Amino acid sequence: MNIAVLGTGSVGHTLGSKLVERGHTVMMGARSESNERAAAWALGAGPLASHGSFARAAAFGSVIINCTSGTASLAALEMAGADNLAGKILMDVANPLDYSSGRLRLTVVNTDSLGEQIQRAFPRTRVVKTLNTMNCQVMVNPGLLPGQHAVFVSGNDAQARAEVAGYLKDWFGWPAVIDLGDITTARGPEMLLPLWVSLMDVMDTTIFNVTIVR
Ligand SMILES: NC(=O)c1ccc[n+]([C@@H]2O[C@H](COP(=O)([O-])OP(=O)(O)OC[C@H]3O[C@@H](n4cnc5c(N)ncnc54)[C@H](OP(=O)(O)O)[C@@H]3O)[C@@H](O)[C@H]2O)c1
């Protein structure tokens with residue numbers, strides 16, 4: 001499958017490399033066609049990997065993964081272009097984190113979420129919030145941790161949520177996915193981030209996840 005990974009940070013690199021390893025053709029998108037991090041990734045990841053602008057990557061992908069900085073995701077997706085995103089699943093992995101005051105705050109919270117903002121801005125795109133609640137090494141390799149631990153999907157299109165649950169299983173090996181419902185349910189997973197950051201400090205590692213028991 002042609003997959004667009006929008007974002008040149010550690011999440012874009014980790015997801016892109018795993019998808020190439022699984023035999024997919026992946027284009028990494030950035031603001032500039034000649035982004036050095038994207039170029040280096042494509043060179044190292046082999047013939048199934050390429051890179052380009054956000055717009056070229058979005059046009060290339062049958063599925064798009066938003067791995068951009070949460071405070072810049074709307075701007076990055078505008079650059080990707082509404083027409084290039086139309087009719088496609090956009091997996092939104094981003095978190096609306098703002099450290100500008102020196103302490104973590106979420107730029108959108110309680111009555112709204114980044115996932116909802118993206119869905120409103122791109123109504124022709126099927127936005128599914130997922131994978132934002134764990135480190136990217138865990139995203140692509142849930143077996144790093146013992147037992148069954150949680151990954152969520154939120155989105156307005158039930159078929160898109162089911163498709164993404166299938167991708168999470170086939171691409172990365174997530175055996176079970178918790179379907180939270182429509183895109184307003186993205187608020188919860190995004191609001192887990194302050195807890196995630198506190199846990200990172202006390203666990204002294206980024207390789208952990210939450211488990212849901214009943
Ligand atoms: N790190 C993790 O393990 C982890 C886990 C869960 C969720 N997340 C979330 O995943 C996302 C990616 O994280 P990351 O650490 O890999 O990367 P990041 O540093 O948060 O974001 C890098 C990307 O954001 C783009 N960007 C930055 N400012 C921009 C602007 N003003 N306009 C347009 N695009 C802009 C950059 O574009 P250029 O390439 O053009 O510079 C780059 O592609 C974040 O939202 C993060 O919260 C991260």
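Just so it is clear, the model here is predicted, and its values are computed rather than measured. Just follow the structure's listing: the first ligand is 1, and inside any ligand the first atom is 1.
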Apply side-chain hydrogen bond (donor to acceptor under 3.5 Å, both in side chains) to residues N156 and D182 and explain how you reach the verdict. CA-CA 4 Å; N156 288 342; D182 72 30; over 6 Å; no

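Assignment of R37 to the shell around ligand 1 is not supported, since no heavy atom sits closer than 4.0 Å. Within the 4.0 Å heavy-atom cutoff, M79 counts among the residues contacting ligand 1. Within the structure, ligand 1 has M134 among the residues with a heavy atom less than 4.0 angstrom away.
In this structure, the protein non-hydrogen atom closest to atom 3 (O) of ligand 1 is C136 N, 2.9 Å. The protein non-hydrogen atom at the shortest distance from atom 27 (C) of ligand 1 is R31 NH2, 3.7 Å.
Atom numbering of ligand 1 starts at 1 in the shown order; those under 4.0 Å from a heavy atom of C67 are 11 (C), 12 (C). Ligand-side atoms of ligand 1 in range of A94: 9 (C), 45 (O), range being under 4.0 angstrom from any heavy atom. Against a heavy-atom cut-off of under 4.0 Å, S10 is close to the following atoms of ligand 1: 1 (N), 15 (O), 16 (O). Close approach of ligand 1 to V93 (heavy-atom distance below 4.0 Å) involves ligand atoms 7 (C), 8 (N), 9 (C), 10 (O).
Neither side chain, S62 nor N2, offers a donor N or O lying under 3.5 Å from an acceptor on the other. Side-chain atoms of T71 and T107 include no donor-acceptor pair closer than 3.5 Å.
Geometrically, ligand 1 and N95 share a nitrogen or oxygen pair separated by less than 3.5 Å. Polar contact check, N132 against ligand 1: no nitrogen or oxygen pair lies under 3.5 Å apart. Checked by distance only, ligand 1 and T133 stay at 3.5 Å or farther apart across all their nitrogen or oxygen atoms. At under 3.5 Å, a nitrogen or oxygen of V11, whether backbone or side chain, sits near a nitrogen or oxygen of ligand 1. Not a single N or O atom of L131, backbone or side chain, sits closer than 3.5 Å to an N or O atom of ligand 1.
Counting heavy atoms from C-beta on, the side chains of V128 and D157 never come closer than 4.5 Å. Under the 4.5 Å side-chain criterion, counting only non-hydrogen atoms from C-beta, W196 is in contact with T206.
In this structure, D112 contributes its side chain and V108 its backbone to no donor-acceptor pair below 3.5 Å. A donor-acceptor contact shorter than 3.5 Å is absent between the side chain of D92 and the backbone of T130.
At a heavy-atom cutoff of 4.0 Å, ligand 1 is contacted by the side chain of M139 but not by its backbone. Only side-chain heavy atoms of N35 come within less than 4.0 Å of ligand 1; its backbone N, CA, C and O stay farther off.
Counting protein heavy atoms under 4.0 angstrom from atom 43 (O) of ligand 1 gives one or more.
Under a hydrophobic clustering in which Ile, Leu, Val, Met, Phe, Trp and Tyr are joined whenever their side-chain heavy atoms come within less than 4.5 Å, directly or via other members, V151 and V11 fall into the same cluster.
One finds no salt bridge joining E116 and K129 here, because no Lys/Arg side-chain nitrogen approaches an Asp/Glu carboxylate oxygen to under 4.0 Å.
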